[in-house]
Colleague: 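Can you keep this structure in mind? I'll have questions shortly.
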Amino acid sequence: MITRRMVLVGSLLASSIVGGSSVFAAPRRSRVMQLLDTDNDGTVDLDEAKRAASALFDRLDRDRDGTLDRRELRGRLNRAEFNLANPDKDGTLSKDEYLRLVERRFRAANRDNDGTLDERELRSRAGQALLRLLQ
Ligand SMILES: [Ca+2]
Ligand SMILES: [Ca+2]
Ligand SMILES: [Ca+2]
């Protein structure tokens, strides 16, 4: 037997699926936010960004020499970006240099200067440039 209540709940579910903006729908968290936001406060802070960047650095460093050359970066930075991040011009990025670049891109993406990146800031062009160094 179908009660009025079941019909009501059914139509609410349907409208939240179709409309996507129903108050009954859980706030949507992007895959990348779920991945980076380790303290689950809904934003990415600099510590979280640096931790992800450090883990990616280690994964990309195939020859385990503690630095990334352009081949290991596999297109994440173009030549100009690489040169900017590599002031000592030794042909590789140390983890320090890499994390300094991450910090610069984090600050560029953090438009409202509140110390954290929300979904919208991550989706911005500056946010996407940061994400290329994190995943
Ligand atoms: Ca967080
Ligand atoms: Ca290396
Ligand atoms: Ca922000």
Side-chain angles (χ1 to χ4, degrees):
M1 178 180 137
I2 297 173
T3 64
R4 276 176 67 88
R5 192 178 152 74
M6 282 166 75
V7 170
L8 182 65
V9 168
S11 66
L12 283 174
L13 281 175
S15 71
S16 71
I17 290 164
V18 173
S21 59
S22 160
V23 291
F24 295 95
R28 204 178 306 156
R29 303 181 74 221
S30 64
R31 189 190 64 81
V32 65
M33 182 62 85
Q34 287 172 36
L35 218 69
L36 296 174
D37 179 22
T38 49
D39 67 1
N40 272 308
D41 68 347
T43 63
V44 176
D45 59 36
L46 184 57
D47 267 2
E48 289 168 335
K50 281 186 164 177
R51 237 175 295 139
S54 176
L56 176 63
F57 185 100
D58 294 341
R59 267 206 313 281
L60 293 177
D61 182 18
R62 288 292 171 83
D63 62 4
R64 300 258 170 269
D65 67 348
T67 67
L68 296 183
D69 56 35
R70 283 200 65 205
R71 212 184 40 216
E72 287 172 321
L73 281 162
R74 280 182 290 169
R76 280 182 169 75
L77 297 178
N78 67 32
R79 189 178 295 277
E81 292 168 333
F82 184 87
N83 290 340
L84 208 68
N86 183 40
D88 64 4
K89 297 188 167 52
D90 65 348
T92 64
L93 296 188
S94 65
K95 192 177 268 191
D96 270 1
E97 288 170 332
Y98 192 77
L99 292 180
R100 267 201 295 277
L101 178 61
V102 166
E103 191 164 342
R104 272 207 302 276
R105 290 193 171 184
F106 182 95
R107 298 204 189 290
N110 184 24
R111 289 288 171 78
D112 61 3
N113 261 310
D114 65 348
T116 63
L117 302 182
D118 56 28
E119 294 274 14
R120 212 173 47 190
E121 287 168 331
L122 283 179
R123 273 197 307 271
S124 70
R125 184 187 285 263
Q128 296 296 310
L130 172 68
L131 290 180
R132 279 199 289 281
L133 303 178
L134 307 188
Q135 57 170 2

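One-based numbering along the sequence shown. Predicted model only: the values in this text are computed from it and were never measured.
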Colleague: What's the shortest heavy-atom distance between R74 and L60, and which atoms?
Modeller: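 For R74 versus L60, the nearest heavy atoms are NH2-CD2, 3.4 Å.
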
Colleague: Tell me whether R62 at atom CZ has more than 12 heavy atoms from other residues, nucleotides or ligands lying less than 6.0 Å away.
Modeller: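 For R62, atom CZ is not crowded (no more than 12 foreign heavy atoms under 6.0 Å).
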
Colleague: Please report the closest heavy-atom contact between L93 and Y98, naming both atoms and the distance.
Modeller: CD1-CD1, 4.2 Å

Colleague: Judged by atom type as modelled, is there a donor-acceptor pair below 3.5 Å linking the side chain of E119 to the main-chain atoms of M33?
Modeller: no

Colleague: Are any of the side-chain heavy atoms of L101 and L77 separated by less than 4.5 Å?
Modeller: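 Of all side-chain heavy-atom pairs linking L77 with L101, at least one is under 4.5 Å.
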
Colleague: In Å, rounded to the nearest 0.5 Å, how long is the span from CD of E97 to CG of L84?
Modeller: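 E97 CD to L84 CG: 11.0 Å, rounded to 0.5 Å.
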
Colleague: Do D96 and S94 get their side chains close enough for a donor-acceptor pair, meaning under 3.5 Å?
Modeller: no

Colleague: How many angstroms lie between CG in L117 and CZ in R123, if you round to the nearest 0.5 Å?
Modeller: 12.5 Å

Colleague: One thing to verify: whether R29 and D37 come together as a salt bridge, which I'm taking to mean a side-chain N less than 4.0 angstrom from a carboxylate O.
Modeller: yes

Colleague: Quick one: OG1 on T116 to CG on D41, what's the gap to the nearest 0.5 Å?
Modeller: 7.0 Å

Colleague: Between the side chain of E48 and the main-chain N/O of D45, is any donor-acceptor distance below 3.5 Å?
Modeller: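 Side chain of E48 to backbone of D45, a donor-acceptor pair under 3.5 Å: yes, one is there.
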
Colleague: Distance check, rounded to the nearest 0.5 Å: L36 atom CG versus L131 atom CG?
Modeller: 6.5 Å

Colleague: Where the side chain of Q128 meets the backbone of R125, is there a donor-acceptor pair that is under 3.5 Å apart?
Modeller: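 Side chain of Q128 to backbone of R125: no pair is present.
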
Colleague: Which heavy-atom pair separates A109 from A126 by the least distance, and what is that distance?
Modeller: CA-CB, 3.7 Å

Colleague: Whether K50 and E103 form a salt bridge (side-chain N of Lys/Arg under 4.0 Å from carboxylate O of Asp/Glu) is what I want to check.
Modeller: yes

Colleague: Quick one: pull up CD in E81 and CZ in R105 and give me the separation to the nearest 0.5 Å.
Modeller: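 Those atoms lie 4.5 Å apart.
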
Colleague: Taking K95 as the fixed residue, which of D58, D65, D61 is the one that meets the salt bridge (Lys or Arg N to Asp or Glu O under 4.0 Å) rule?
Modeller: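 So the option named by the test is D58.
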
Colleague: Test V44 against every option in L122, V32, T38, N110 by the side-chain contact (heavy atoms from CB on, under 4.5 Å) rule and name the one that passes.
Modeller: L122

Colleague: Can you name the nearest heavy-atom pair linking F82 to G91, along with the distance?
Modeller: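 Smallest heavy-atom distance, with atoms named: CZ-O, 3.4 Å.
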
Colleague: Do D90 and T67 make a side-chain contact, defined as non-hydrogen atoms from C-beta onward lying under 4.5 Å apart?
Modeller: no

Colleague: Determine, step by step, whether D112 and E121 satisfy the side-chain contact (heavy atoms from CB on, under 4.5 Å) criterion, reporting the C-alpha distance in whole Å, the side-chain angles of both residues, the deciding distance to 0.1 Å, and the verdict.
Modeller: CA-CA 9 Å; D112 61 3; E121 287 168 331; 2.9 Å; yes

Colleague: Does one side chain, of R111 or S124, offer a donor that lies under 3.5 Å from an acceptor on the other?
Modeller: no

Colleague: If you measure from CG on D114 to OG1 on T43, what distance do you get to the nearest 0.5 Å?
Modeller: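 D114 CG to T43 OG1: 7.5 Å, rounded to 0.5 Å.
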
Colleague: Taking side chain as C-beta onward, heavy atoms only, is F57 less than 4.5 Å from L99?
Modeller: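 When only atoms from C-beta onward are counted, L99 and F57 do not touch, as no gap falls below 4.5 Å.
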
Colleague: If every non-hydrogen atom of V102 is compared with every non-hydrogen atom of A53, which pair is closest and at what distance?
Modeller: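 Scanning both residues completely, I find the closest heavy atoms to be CG2-CB, 3.6 Å.
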
Colleague: Would you say the side-chain atoms of R76 pair up with the backbone N or O of L133, donor to acceptor, closer than 3.5 Å?
Modeller: no

